[in-house]
Amino acid sequence: MRPEILQAMATAQIHHRAPECAELYAELQPKLQKFLYTEQTVFLFTASSTGAMEAAVQNCVKKKVLNLVNGAFSKRWAQITEACGVPNEVLENPWDVAFKPEQVDEKLKTGEFDAVTLVYNETSTGLMNPLEEIAEVVKQYPDVFLLVDAVSCMGGVKIEFDRLGLDVLLAGVQKAIALPPGLTICAVSDRALKRAEEVKPKTYYFSFPVMLKYHKKNQHPTTPSTAHMYALNAQLDYILEEEGLERRFARHEEMARMVQAWAKKYFDIYPEEGYWSKTLTCVKNTRGISVKDLIDRLVNDYNMRIANGYGDLKEKTFRIAHMGDLTPADVAGLLHAINEILELA
Ligand SMILES: *Cc1c(COP(=O)(O)O)cnc(C)c1O
């Protein structure tokens, strides 16, 4: 996290019904819209990403939702759907295989569904599902809404909310946006706001109609994390004005290429080729190293951290993040440190 962000978090606090808070809210909205290439509504939830996933499922499904599951976080969409008692069907792929548009088309053809949940960037596997192609298919079905978890890639890759015709696009700020955890950005289409009125969601904290009522006054229904709002404002200024969106995306491309080339040289990459993530790489442990020992050495001797594989993939894979405000120089330093520890030439 950049020190300027921590400084912004420490801004003298304001009351959430004071005019200053509404001004801050009003200032954030167009910046968020520019950030997500949309003219529609962007909500902020004082919650982690999972809260907004729950909101999407509660507000946007009248008939039945298709949960596309090929990793731990897409599985969470299904778990949330079931916990909320919303009718669903799960379509599962092996975790190293991306969803193809034909698979989605085949399911939607049945006419059973009016929503689809998708994780764009699976943080558990380093796999990016082809959002653009899947969105094209979903667009052919006017009643079907596309609900997208972009938690670990929003801010690292371009996601054009309006052009893709998305209905919900959400991400907590603690990953590629590089802010402290506790706030989630959630773009919502006009038609999703309309459907939410009809659905009458069985939630108050995560109700789109309740959020919208206050949104119109530049307020939150409940007390938001104002410290985060200041931090987000500073970070959006930095992203939009100082770094620039295109340069930010190019930096993420460059970091991804560096890690992918390194992983191919010394190990292998877990997901199928063509769907490698731009923000984190899941490396196949083809050398049979102790991932735990590697992480311990990195933390203790280099003050760096990577992540072990997720769930069953523990020790079989490890994950290197290359997102947020990290630089290619940071990534080079990390790869150099790993080479030193593993004595790779
Ligand atoms: C981290 C993550 C989540 C969960 O986020 P929380 O902020 O912990 O609720 C959901 N989806 C993806 C893809 C993630 O990477």
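We count ligands from 1, going down the list as the structure has it; atoms in each ligand are counted the same way. Keep in mind that the numbers below use all heavy atoms, side chains included, and drop hydrogens, waters and symmetry copies.
A cation-pi arrangement is present between R2 and Y238, with the terminal nitrogen or guanidinium carbon under 6.0 Å from the aromatic centre and inside a 45° cone about the axis.
Among protein heavy atoms, the minimum distance from atom 5 (O) of ligand 1 is reached at S49 OG, 3.2 Å.
Taking every heavy atom of both residues into account, V119 and F73 meet most closely at CG2-C, 3.7 Å.
Only side-chain heavy atoms of V151 come within less than 4.0 Å of ligand 1; its backbone N, CA, C and O stay farther off.
Between the choices M154, E122, R76, Q174, the shortest heavy-atom distance to atom 4 (C) of ligand 1 belongs to R76.
Defined by atom type and a distance below 3.5 Å, a donor-acceptor pair is present between the side-chain atoms of S74 and E122. Looking at S207 and N59, their side chains never bring a donor and an acceptor atom within 3.5 Å of each other.
Proximity of the aromatic rings of Y310 and F318 is defined here by a centroid distance below 6.0 angstrom, and this criterion is not met.
Ligand-side atoms of ligand 1 in range of N121: 13 (C), range being under 4.0 angstrom from any heavy atom. Interface of T123 with ligand 1, defined as ligand atoms under 4.0 Å from a residue heavy atom, comprises 12 (C), 13 (C), 14 (C), 15 (O). Within the listing of ligand 1, atoms 1 (C), 2 (C), 3 (C), 14 (C), 15 (O) sit less than 4.0 angstrom from a heavy atom of K175.
Between H215 and Y25, the ring planes lie perpendicular to each other; the angle is over 60°, past the 30° to 60° tilted range.
In terms of polar-atom proximity, D149 is counted as a contact of ligand 1, with an N or O under 3.5 Å from an N or O of the ligand.
By the 4.0 Å heavy-atom criterion, S48 is counted among the residues contacting ligand 1.
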